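From a predicted model like this one, the values you see are computed outputs, not experimental measurements. Quick note on labels: first sequence line is chain A, next is B, and so on, each numbered from 1.
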Amino acid sequence: MPEGPSILFLKDQLLAFKGNSVQKAGGYGPMPTRWLKGKTLKDIDTWGKHLLLLFDGGAVRIHLGLFGDVLISERKKVNRSFYLEFANGEMNGYVVNAIKLTKQLKEIYDWRTDILSKQFDKAYIRILLQQKAVKTIDDVLMDQNVFTGVGNKIRNEALYRAGIHPQSIIGKIPPAKITSLINEVVKYAKIFYNQLKRTGVNDKFQVYQKEYAADGSAVTMKVLKKSKRKIFFSEHRQKLYV
DNA sequence: GTGCATGTTACGAG
DNA sequence: ACTCGTAACATGCA
């Protein structure tokens, strides 16, 4: 279910529980749920694909992985891996990974890399990219410590919109194109998020899983060796820098 | 039944 | 110590 925008969208829905106290917590996952009972949900934050529920004395980090799903005051037939029940409804996590964080969030997370954060810092990303100059851009776009919140859809769409071939070597991409790519990542993440808010789904693709790109050019699909994920790109429109 | 999908982590080999 | 490749973990839909 998730890329960064999906998690932000989920946070919006969960804010209905902010300020409420947990009546019951549980699930089959390894999360120690006992301490949550009676605690007040102080706030909700996100870091890319991490959903952070803030309580006194600790936070719960929820990650949806590839198959995870969270329903608000609705249930599926299968067991919940992590849930919270409040007086005004419940949060039901399926196949989600929930753990308790005891350190201060500031010590764990750097929001300068979060593509959906106000603190997102383009100049800092450029520095990180310089440190990975010999790598290909497709790999690094999915590196959560560089482009926090980017998933396979945003990766493919941002590269297409910036006109960069996924297998370009970072160090060979002209600085102006790097800037353009960083901008397109943020822009598309916002399109993704806004469409979710309006319609609940995201299907605005110019190249991802397309046969022909938005400009009419043929789309090539490749399976990445390491990650086995699929990349979609237009040879015609996306320049290969090597 | 088969294949595939918005993801990450653990571990062994090199 | 670091990087690479592979397996592992789940679900739901066509």
### Interatomic distance, A:Leu10 CG vs B:dT6 C1' [rounded to whole Å]
14 Å
### Message
Just so I know, are the side chains of A:Thr40 and A:Phe55 near enough to count as touching, which here means a heavy-atom distance under 4.5 Å?
### Response
no
### Message
From CG of A:Asp139 over to P of C:dC2, roughly how many Å is that when rounded to an integer?
### Response
19 Å
### Query
Rounded to the nearest Å, what distance is computed from the CD atom of residue A:Glu157 to the P atom of nucleotide B:dT6?
12 Å
### Interatomic distance at C1', B:dC11 relative to C:dA1, whole Å
15 Å
### Message
Rounding to an integer number of Å, can you tell me how far A:Gln131 CD sits from C:dC2 C1'?
### Response
16 Å
#### Entry: Gap between atoms OH and C1', on A:Tyr193 and B:dT6 respectively (whole Å)
17 Å
### Task
Scan A:Lys225 against the nucleic acid and name what it touches under 4.0 Å (heavy atoms): base, sugar-phosphate only, or nothing.
nothing
### Query
Within the structure shown, what part of the strands sits under 4.0 Å from A:Lys228 by heavy-atom distance: base, sugar-phosphate, or nothing?
nothing
### Message
Between C1' on C:dT3 and NZ on A:Lys132, what's the gap in Å once rounded to a whole number?
### Response
11 Å
### Query
Within the pair A:Lys49 and B:dT6, is there a side-chain N or O less than 4.0 Å away from OP1 or OP2?
no
#### Entry: Charged N-O contact under 4.0 Å between A:Arg75 and A:Glu90
yes
### Task
Identify which nucleotide among C:dC4, C:dT11, B:dT6 has an atom closest to any side-chain atom of A:Lys135, counting heavy atoms from C-beta outward.
C:dC4
### Query
What distance, rounded to whole Å, do you find between the two P atoms, one in B:dT9 and one in C:dG12?
23 Å
## Note on the structure
Looking only at B:dT6, C:dG12, C:dA10, the nucleotide nearest the A:Val95 side chain is C:dA10
### Query
For B:dT2, what is the paired nucleotide under Watson-Crick or G-U wobble rules, both distances under 3.5 Å?
C:dA14
### Task
Give the C-alpha distance, both sets of side-chain angles, the deciding distance and a yes or no for side-chain contact (heavy atoms from CB on, under 4.5 Å) between A:Phe17 and A:Ile72.
CA-CA 10 Å; A:Phe17 301 129; A:Ile72 315 285; 3.9 Å; yes
#### Entry: Positions of residues 101-112 of chain A (non-hydrogen atom under 4.0 Å from DNA chain B), listed by number
none
### Query
Where the side chain of A:Leu66 is concerned, which of B:dT6, B:dT8, C:dG5 is the nearest nucleotide?
B:dT6
### Summary
Quick note, A:Phe67 side chain, CB onward, closest among B:dT6, C:dG5, C:dT11 is C:dT11
### Query
Of the nucleotides B:dT6, C:dT11, B:dA5, which has the atom closest to the A:Lys230 side chain?
B:dA5
### Message
Give me the distance, rounded to whole Å, that separates B:dT6 from C:dC4 when you measure between the P atoms they each carry.
### Response
22 Å
### Query
So does A:Arg229 get a side-chain nitrogen or oxygen closer than 4.0 Å to the phosphate oxygens (OP1/OP2) of B:dT6?
yes
### Task
Classify the side-chain pair A:Arg161/A:Asn183 by whether it contains a donor and acceptor separated by less than 3.5 Å.
no
### Task
Provide, to the nearest angstrom, the distance between the CG atom belonging to A:Asn92 and the P atom belonging to C:dT11.
16 Å
### Message
Under 4.0 Å, counting only non-hydrogen atoms across every strand here, what does A:Gln209 touch: a base, just sugar-phosphate, or nothing?
### Response
sugar-phosphate
### Message
Check A:Glu85 with A:Arg80, please: is the shortest side-chain N to carboxylate O separation under 4.0 Å?
### Response
yes
### Message
Please give me the minimum heavy-atom distance between A:Thr46 and A:Leu52, naming the atom from each residue.
### Response
C-CD1, 4.3 Å
#### Entry: For atom CE of A:Met221 and atom C1' of B:dA5, their distance in whole Å
13 Å
### Task
Name the orientation class of the two ring planes belonging to A:Trp47 and A:Tyr109 (parallel below 30°, tilted from 30 to 60°, perpendicular beyond 60°).
tilted
### Query
Nearest heavy-atom pair of A:Gln206 and A:Tyr160: which atoms, and what distance?
OE1-CE2, 3.2 Å
### Task
With the side chain of A:Val78 defined as its heavy atoms from C-beta on, choose the nearest nucleotide among C:dG12, B:dA5, B:dT8.
C:dG12
